[in-house]
Amino acid sequence: DPYAQLLLEAMKQSGCTVFNDRHFSCENCDGCVSGGFDSATSQIVLCQNNIRHQSHMNRVVTHELIHAFDHCRAHVDWFKNVKHLACSEIRAANLSGDCTLMNEIARFKFGLKGHHQTCVRDRAVRSILAVRKVSKETAEKAVDEVFDACFNDLEPFGRIPHSKTDAKRAYRDFQNRDRYNANL
């Protein structure tokens, strides 16, 4: 998956190498949660009882790898600073493919103007509420306060990858990034 390849390479370049047998865990989970990132162990949990299709698993892995990347590069304070959590949730919803048009159509939620941003905002709020005991108003306020900066932080992709083709281009650009900078 080009999304995962890019994120794993970016983490490695940031000094956070990921080992499949150590940093990924498949478990049964409660409710309808598909996955999570455990910052204490730097482990991605995939909820095997709630993931039914390869494409869904790819999105979950990408979403959680974005959290792992943020943890690696930004030293996120996951538990004390809800704005840090909000920022990573915004980035994960924006960059993982959670809000592609096809996924939104499958959820019977789609619009035209500004819909991607609305989806990202809504999913970030939902994710915060799923992992922290805060009010909906607190989650919405945190998302609103950091939305513009975090929505526009496209690292390591450099663009919003709306498809696998976009993700492949972003990965190719990422691999060549240093080559271009070395010639300047």
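When reading the values below, keep in mind they use all heavy atoms of this one structure, side chains included, and skip hydrogens, waters and symmetry mates.
Residues F79 and S39 meet the side-chain proximity criterion, which asks for heavy atoms closer than 4.5 Å. Contact of the T138 side chain with the R132 side chain is not registered, since no non-hydrogen atoms from C-beta on lie closer than 4.5 Å. A 4.5 Å side-chain heavy-atom check between V131 and L85 finds at least one atom pair inside the cut-off. With a 4.5 Å cut-off on side-chain heavy atoms, E155 and F69 count as touching. For the pair Q175/L6, no side-chain contact is recorded, criterion being any heavy-atom separation below 4.5 Å from C-beta on.
A donor-acceptor pair under 3.5 Å is absent between the side-chain atoms of N94 and the main chain of V120, judged by distance alone. Side-chain atoms of R91 do not come within 3.5 Å of backbone N or O of I66 as any donor-acceptor pair. Without hydrogens or angle criteria, Y3 side chain to G97 main chain gives no donor-acceptor distance under 3.5 Å. Of the possible polar contacts, none joining the R121 side chain to the E140 backbone as a donor-acceptor pair under 3.5 Å is found. Judged by distance alone, the side chain of S14 and the main-chain N or O of C16 form no donor-acceptor pair under 3.5 Å. Under a 3.5 Å cut-off, the side chain of E89 and the backbone N or O of R123 do not form any donor-acceptor pair. Judged by distance alone, with hydrogens and angles left aside, the side-chain atoms of D98 form no donor-acceptor pair with the main-chain N or O of R59 at under 3.5 Å.
In this structure, R169 pairs ionically with D166, as a charged nitrogen and a carboxylate oxygen lie closer than 4.0 Å. Salt-bridge formation is not detected for the pair K141/E137: no Lys NZ or Arg NE/NH1/NH2 atom is positioned less than 4.0 Å from an Asp or Glu carboxylate oxygen.
Atom CE in M57 sits 9.5 Å away from atom OG1 in T62 (nearest 0.5 Å). Atom NE2 of H71 is separated from atom CG of D38 by 9.0 Å, given to the nearest 0.5 angstrom.
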Passes side-chain contact (heavy atoms from CB on, under 4.5 Å), F151 versus V143? Steps please.
CA-CA 10 Å; F151 184 83; V143 168; over 6 Å; no
Where do I128 and V134 land on the side-chain contact (heavy atoms from CB on, under 4.5 Å) test, with the steps shown first?
CA-CA 8 Å; I128 292 168; V134 298; 3.9 Å; yes
Check against side-chain contact (heavy atoms from CB on, under 4.5 Å), Y171 and E9
CA-CA 9 Å; Y171 183 44; E9 179 108 0; 3.6 Å; yes
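If you run side-chain contact (heavy atoms from CB on, under 4.5 Å) between H23 and each of L8, T17, V18, only V18 comes through.
Of all non-hydrogen atoms in V60 and G35, the two that sit nearest each other are CG1-CA, 4.0 Å. Of all heavy-atom pairs between R159 and P161, the closest is O-CD, 3.1 Å. When all heavy atoms are compared, the tightest approach of V146 to A86 is CG2-CB, 4.0 Å. When all heavy atoms of D1 and K164 are compared, the closest pair comes out as OD1-CE, 3.4 Å. The nearest pair of heavy atoms linking N50 to H56 is O-CE1, 3.5 Å.
More than 12 non-hydrogen atoms from other residues, nucleotides or ligands lie less than 6.0 angstrom from CG of N28.
Hydrophobic cluster membership differs between V45 and W78, with clusters built from Ile, Leu, Val, Met, Phe, Trp and Tyr side chains linked at under 4.5 angstrom. Hydrophobic clustering, with ILVMFWY side chains joined whenever heavy atoms are under 4.5 angstrom apart, keeps V33 apart from L65.
Between H67 and F37, the two ring planes are tilted [angle within 30° to 60°].
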